[in-house]
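One structure is given below, encoded as structure tokens.
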Amino acid sequence: MRLQDKVTLITGGNRGIGLATARLFAQEGARVVLMARDRGQGERAAREVPNTRFIAGDVRIAADCERVIADILSRGDRLDVLVNGAGIIYRNRAATETSEEEWDATFDTNVKGAFLMSKSAMPALRASRGAIVNIASYVGLVGFAGASAYAASKAALVNLTRSMALDHARDQVRVNCVCPGSVDTDMIHEAWRLYGDYEAAQRVWAAKHPLGRVATADEVAHAILFLASDEASFITGVALPVDGGITAA
Ligand code: NDP
């Protein structure tokens, strides 16, 4: 019970890595709030995971971020952990083939969303001496062909993490991020469909990782749990690769 009675908010919590994190956090004793845009998917997820509820919202909208935090605090709850997991990607585009709308949507979700939510949550996290864990990506640490906007946004998220860690160290709020390699969720399934040959794509993606396979969402959730828990009490400002060895090369 490494998160016993900790109140945690997970954006992008209605599926994929966010939902796997919610499941694991609930098993570890946390009370979990999920935030995402798709209400049907969110309510199904909240029914499936004990001690979990869903609040619909869009991380790109400041008022939505503030409303979600106000909802949590209005129940007399504290907020101990924020996981910024909401993210989108447009694939198969060099930077020069990326539209301005795609660029803005990517940065608004992946960077501004984490900024807005962290800003809204900070007073409560200061009060609880809490922790933020951002879900960045290994492509925030190295260059990545075919999704420049996404890679640039994840690099920005890595440095937002480090900078916020420094700004809020005096508040005893820790800020870290995980940098996953490819993870078996809807996001990577879409990449495999775009590749044309789904089975071949699975082999190609597995071969990119020195461990010879993609990650499960649970494997990323365990790294997020570690960074959110008191076991990481002296860790702040790190970008932890969970990438099967890709960035070791
Ligand atoms: P999914 O596509 O399965 O999930 C994305 C999540 O983000 C959904 O819950 C979605 O919910 C939510 N989301 C997207 N836009 C918004 C928004 N504007 N406001 C609120 N929620 C939003 O992807 P994953 O679970 O794989 O990805 C989770 C995170 O992990 C992302 O940040 C992704 O970039 C990162 N990541 C994923 C990797 C992978 O290979 N899968 C590798 C490295 C990093 P809804 O659409 O209902 O709003």
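Whatever order the structure lists them in is the order used to number ligands and atoms, beginning at 1. Note that the coordinates shown come from a computational prediction; the quantities given were computed from them, not determined experimentally.
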Distance-only N or O hit between ligand 1 and [X], under 3.5 Å:
X: M35; value: no
X: R37; value: yes
X: G12; value: yes
X: Y150; value: yes
X: I88; value: no

If you count the atoms of ligand 1 from 1 in the order shown, which ones are under 4.0 Å from a heavy atom of [X]?
X: G16; value: 3 (O), 25 (O)
X: S137; value: 43 (C), 44 (C)
X: I188; value: 40 (O)
X: R60; value: 18 (N)

Closest non-hydrogen protein atom to [atom], residue and atom name please, with distance?
atom: atom 25 (O) of ligand 1; answer: I17 N, 2.8 Å
atom: atom 40 (O) of ligand 1; answer: V183 N, 2.8 Å
atom: atom 23 (O) of ligand 1; answer: M187 CB, 3.6 Å
atom: atom 26 (O) of ligand 1; answer: T185 OG1, 2.5 Å
atom: atom 13 (N) of ligand 1; answer: A86 CB, 3.8 Å
atom: atom 9 (O) of ligand 1; answer: N14 OD1, 2.4 Å
atom: atom 30 (O) of ligand 1; answer: I135 CG2, 3.2 Å
atom: atom 3 (O) of ligand 1; answer: R15 NH1, 3.3 Å

R31 CZ to F25 CZ distance, which is reported to the nearest 0.5 Å:
14.5 Å
Between atom OG of S137 and atom CZ of F144, what is the distance when rounded to the nearest 0.5 Å?
7.0 Å
Single-linkage hydrophobic cluster, 4.5 Å side-chain cutoff, [X] and [Y] together:
X: V33; Y: M117; value: yes
X: V220; Y: V81; value: yes
X: V173; Y: V7; value: yes

Does ligand 1 have any atom that is closer than 4.0 Å to a heavy atom of [X]?
X: G57; result: yes
X: K154; result: yes
X: Q41; result: no
X: T109; result: yes

If the plane angle is over 60° it's perpendicular, under 30° parallel, otherwise tilted; pick one for F107 and W103.
parallel
I would like to know whether E219 and R213 meet salt bridge (charged side-chain N to carboxylate O under 4.0 Å, His left out); could you show each step before the answer?
CA-CA 12 Å; E219 288 174 312; R213 61 178 178 82; 2.8 Å; yes
Please determine whether salt bridge (charged side-chain N to carboxylate O under 4.0 Å, His left out) holds for the pair E28 and K6, giving the CA-CA distance in whole Å, both sets of side-chain angles, and the decisive distance to 0.1 Å.
CA-CA 9 Å; E28 294 290 338; K6 301 271 191 198; over 6 Å; no
So does R129 have more than 12 non-hydrogen atoms from other groups sitting under 6.0 Å from CZ?
no
Evaluate whether atom CD of E100 has more than 12 neighbouring non-hydrogen atoms of other residues, nucleotides or ligands under 6.0 angstrom away.
no
Of all pairs that satisfy salt bridge (charged side-chain N to carboxylate O under 4.0 Å, His left out), the ones with a partner from residues 163-185, not counting sequence neighbours
R126-D171
Examine distances only and state if a side-chain atom of T11 and a backbone atom of M35 form a donor-acceptor pair shorter than 3.5 Å.
no
Pair R39, E43 - check salt bridge (charged side-chain N to carboxylate O under 4.0 Å, His left out), show working.
CA-CA 6 Å; R39 185 182 291 277; E43 284 170 357; 3.8 Å; yes
Hey, is R2 close enough to D230 for a salt bridge, meaning N to O under 4.0 Å?
no
Among A114, S182, G85, G181, which residue places a heavy atom closest to atom 29 (C) of ligand 1?
G85
Nearest non-hydrogen contact with atom 44 (C) of ligand 1 belongs to which option: C65, A136, G87?
A136
